[in-house]
There are 2 protein chains.
Amino acid sequence: MSEYLPGLAGVPATQSNISDIDGEKGILFYRGYPIEQLAEKSTFEETTLLLLDGELPTAQALDDFDQRIRQNRKTQFHIRDLMKTFPPSGHPMDMLQTSVASLGMFYPGNECLTGADACGDLDYIHNMSVKIIARMPTMVAMWEYLRHGYEAPEPRNDLSYAENFLYMFTGKEPDPLMSRIMDVCLILHAEHTINASTFSLLVTASTLASPYNVIAAAIGTLSGPLHGGANQKVLEMLEEIGSPEKAEAYIDKKLANKEKIWGMGHREYKTKDPRAKFLENLVDKVLESKGTNQSSLLETAKEVERICEDRLAHKGVYPNVDFYSGTLYHEMGIPADQFTAIFAVARSAGWLAHWREQLGDNRIFRPTQVYAGEPERPYVPIELRK
Amino acid sequence: MSEYLPGLAGVPATQSNISDIDGEKGILFYRGYPIEQLAEKSTFEETTLLLLDGELPTAQALDDFDQRIRQNRKTQFHIRDLMKTFPPSGHPMDMLQTSVASLGMFYPGNECLTGADACGDLDYIHNMSVKIIARMPTMVAMWEYLRHGYEAPEPRNDLSYAENFLYMFTGKEPDPLMSRIMDVCLILHAEHTINASTFSLLVTASTLASPYNVIAAAIGTLSGPLHGGANQKVLEMLEEIGSPEKAEAYIDKKLANKEKIWGMGHREYKTKDPRAKFLENLVDKVLESKGTNQSSLLETAKEVERICEDRLAHKGVYPNVDFYSGTLYHEMGIPADQFTAIFAVARSAGWLAHWREQLGDNRIFRPTQVYAGEPERPYVPIELRK
């Protein structure tokens with residue numbers, strides 16, 4: 001038996017063609033393309049199809065895919081009725097895990113194959129990927145209305161993915177710059193090798209569960225504060241610090257108590273996460289569009305980064321993707337508890353690419369354990385126990 | 001980097017004190033106690049507390065635990081209202097993943113901690129385990145009524161766990177023999193080392209997601225036909241075969257086509273699963289209580305086992321737990337699509353024991369991958385693509 005490594009750190013758990021990380025240089029590749037090039041030149045729709053199919057699409061293939069996404073944005077009114085039973089305080093990640101898990105009931109049959117019927121049927125797999133990627137933002141935006149007691153706007157099929165999401169979320173005609181910024185955020189969050197949620201997706205998918213059960217499992221994993229939930233935690237931390245001059249004392253106290261600094265450090269990077277650099281620059285663009293270059297939150301974030309670099313860089317601890325995404329979304333007017341749900345919308349692209357890859361060469365995940373418990377012993381009747 | 005082993009077969013992914021398998025001899029131990037002794041002498045309540053705490057409880061501790069389980073059987077009427085939005089055709093496993101995922105919204109705050117607040121707080125962990133284990137059968141039984149358009153009976157606190165489940169499920173005063181058989185079924189399904197659903201639970205738990213998100217992920221994994229979903233598949237297969245004399249041709253055709261024989265084989269056992277032996281005997285007891293020793297389904301199952309033993313025993317393929325549980329539940333009058341949900345009710349005990357163990361020494365699961373995709377390449381503008 002091989003050595004037991006907690007958290008399977010350094011243990012290969014899949015063979016994959018989807019993405020790759022150069023942790024020393026701080027480069028993330030989707031299907032061989034550096035993330036910076038995709039963030040500058042691609043769209044979320046194109047990047048999604050690249051992740052799913054493996055190649056940048058032709059104009060015709062991209063248009064077909066885009067049309068299919070647009071046509072699948074609407075959900076049955078049953079999903080809205082379901083969501084109306086949720087309490088207004090319901091966290092968007094709980095809402096999303098619940099709503100996605102329910103889809104197999106509302107769309108049974110051909111939309112919800114399990115077992116051998118699903119494996120190897122590429123049309124089915126592609127069709128399900130389209131439907132889930134199209135419906136995720138609809139559910140997230142709907143909840144933003146329903147939890148405040150209002151009916152949500154219907155999705156529009158004359159808008160791009162990012163535009164429609166912002167339109168549904170805010171109820172306003174989407175601003176071109178904000179739409180492009182959201183588009184870039186979605187690209188940057190779409191995929192990241194075999195992280196915890198993608199790994200849990202592979203394990204769930206390997207039992208040939210339905211894609212809704214599989215994505216719901218991954219959403220649950222992403223919700224944790226050591227994973228996707230960290231972007232909400234970063235914002236809460238920055239708000240707790242309050243202003244740049246209070247950052248040093250706050251961080252040093254945290255470090256002295258061996259507490260976690262949210263948004264700092266990543267097992268795969270020994271330098272600043274390439275996505276963090278991009279997101280930091282986008283904050284400036286949002287501020288500029290609002291006619292200011294001042295943001296106490298951004299200044300606080302930069303000061304936290306400076307202090308952490310001073311204290312932690314020798315350990316290879318630098319800002320990760322969650323560090324600036326919260327600040328960015330906040331400046332875009334998005335409530336903090338929705339950050340992780342938007343992460344999930346973007347990540348659905350990578351998750352479904354991994355789902356397809358797993359079904360293409362499936363073996364159920366059943367690792368072993370190091371048993372460290374009691375050796376065999378006989379049952380003791382209750383009256384003889386102490 | 002260590003060798004890549006698909007499905008992590010043979011790779012230790014956790015250190016655990018909860019259960020152990022002797023695959024050569026066909027013995028399963030919970031906390032050192034052979035499963036046969038627990039099935040003969042223990043109750044599901046006692047076995048659950050053994051799994052959670054590590055030791056057989058004193059009479060006082062068991063009584064306290066039992067009382068707390070009884071007091072937590074009722075769910076808010078909001079859960080019923082949520083379930084009423086599900087279509088009657090909704091599969092019980094989809095219902096269960098959805099309903100459990102929703103609980104964090106209906107019971108927020110102290111019932112739904114995430115992150116460091118949960119780790120190390122044994123009272124919280126134990127309290128959540130009680131609540132989830134108490135509520136799971138309530139939700140499964142409720143759905144049996146609601147999907148037929150009837151209000152479900154309220155849980156009763158004057159009955160044992162198995163008695164109350166049968167009472168709620170059937171609406172009738174539970175028969176002592178049937179209650180004991182259900183009790184034994186729950187004991188036999190409560191835990192099984194690091195199988196796929198328990199493994200996915202560990203991955204989800206390692207991000208410090210809430211226990212509801214974590215259990216919902218595990219339910220999704222269990223639903224797959226290569227895992228818990230197999231017990232429904234076994235019954236469907238036996239019904240498709242129709243009678244013992246048709247078994248041989250059916251099995252040989254499946255084997256010739258390299259198709260799966262449901263309920264046969266297990267990565268951990270090289271002999272008949274000890275749980276299968278027990279369940280097979282329980283079918284006889286159920287038949288006896290119905291005043292017969294005839295069951296075409298049981299005869300078909302035994303014939304399938306005989307043929308598979310002849311054809312597959314040299315490969316170490318024998319009946320597993322799912323092979324006889326379906327026949328047993330069917331003879332008890334339980335609909336086939338509820339089998340896996342009953343499995344989930346029982347397994348909640350083992351899942352929550354593993355959740356506690358993971359939080360006690362947590363490291364996020366982030367394995368590596370073997371990247372086999374494209375090397376670095378530059379973005380190609382859409383007009384230049386072929």
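Naming convention: chains lettered A, B, ... in sequence-line order (proteins, then strands); numbering from 1 in each chain. No hydrogens, no waters, no symmetry mates; every other heavy atom, side chains included, goes into these values. These numbers come from a predicted model, not from an experiment.
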Name the member of [options] that forms the most heavy-atom pairs with chain B at distances under 4.5 Å.
options: A/Q97, A/H227, A/H78, A/Q358; answer: A/Q97
options: A/S200, A/A218, A/G90, A/P87; answer: A/P87
options: A/T85, A/T193, A/L8; answer: A/L8
options: A/A205, A/S197, A/G229, A/S102; answer: A/S102
options: A/G32, A/A217, A/S89; answer: A/G32
options: A/A9, A/A13, A/G220; answer: A/A13

Is a side-chain N or O of [X] found less than 3.5 angstrom from the main chain of [Y], in a donor-acceptor match?
X: A/S223; Y: B/A209; result: no
X: A/W143; Y: A/L96; result: no
X: A/T204; Y: A/L201; result: no

Relative to chain A, which segment of [X] carries a heavy atom at a distance below 4.5 Å: side chain, backbone, both, or neither?
X: B/I219; result: neither
X: B/P375; result: backbone
X: B/S42; result: both
X: B/D361; result: neither
X: B/H266; result: side chain
X: B/F29; result: side chain
X: B/M95; result: both
X: B/I27; result: neither

Item to check | Reported CZ-to-CD1 distance for the pair A/R366 and A/I364, which is rounded to 0.5 angstrom | outcome: 8.5 Å

Just list the side-chain donor-acceptor pairs under 3.5 Å for residues 377-386 of chain A, sequence neighbours left out, or say none.
residue	atom	partner	partner atom	Å
A/R377	NE	B/R31	O	2.9
A/R377	NH1	B/E55	OE1	2.9
A/R377	NH2	B/R31	O	2.8
A/R377	NH2	B/G54	O	3.1
A/Y379	OH	A/R385	NH2	3.1
A/Y379	OH	B/K41	O	3.3
A/Y379	OH	B/E46	OE1	2.5
A/R385	NE	A/V380	O	2.9
A/R385	NH1	B/E46	OE2	2.7
A/R385	NH1	B/P57	O	2.7
A/R385	NH2	A/V380	O	3.0
A/R385	NH2	B/E46	OE1	3.4
A/R385	NH2	B/E46	OE2	2.9

Checklist entry - With side chains defined as the heavy atoms from C-beta onward, is the minimum distance between A/T340 and A/K233 less than 4.5 Å? => result no

Checklist entry - Below 4.5 Å, heavy atoms only, C-beta onward: do A/L226 and A/W262 meet side chain to side chain? => result yes

Item to check | Modelled atom types, side-chain donor and acceptor of A/H91 and A/Q232, under 3.5 Å | outcome: yes

Checklist entry - With respect to A/H192, which candidate in A/F343, A/Y269, A/Y30 satisfies the ring-ring contact (aromatic ring centres under 6.0 Å, His included) definition? => result A/Y269

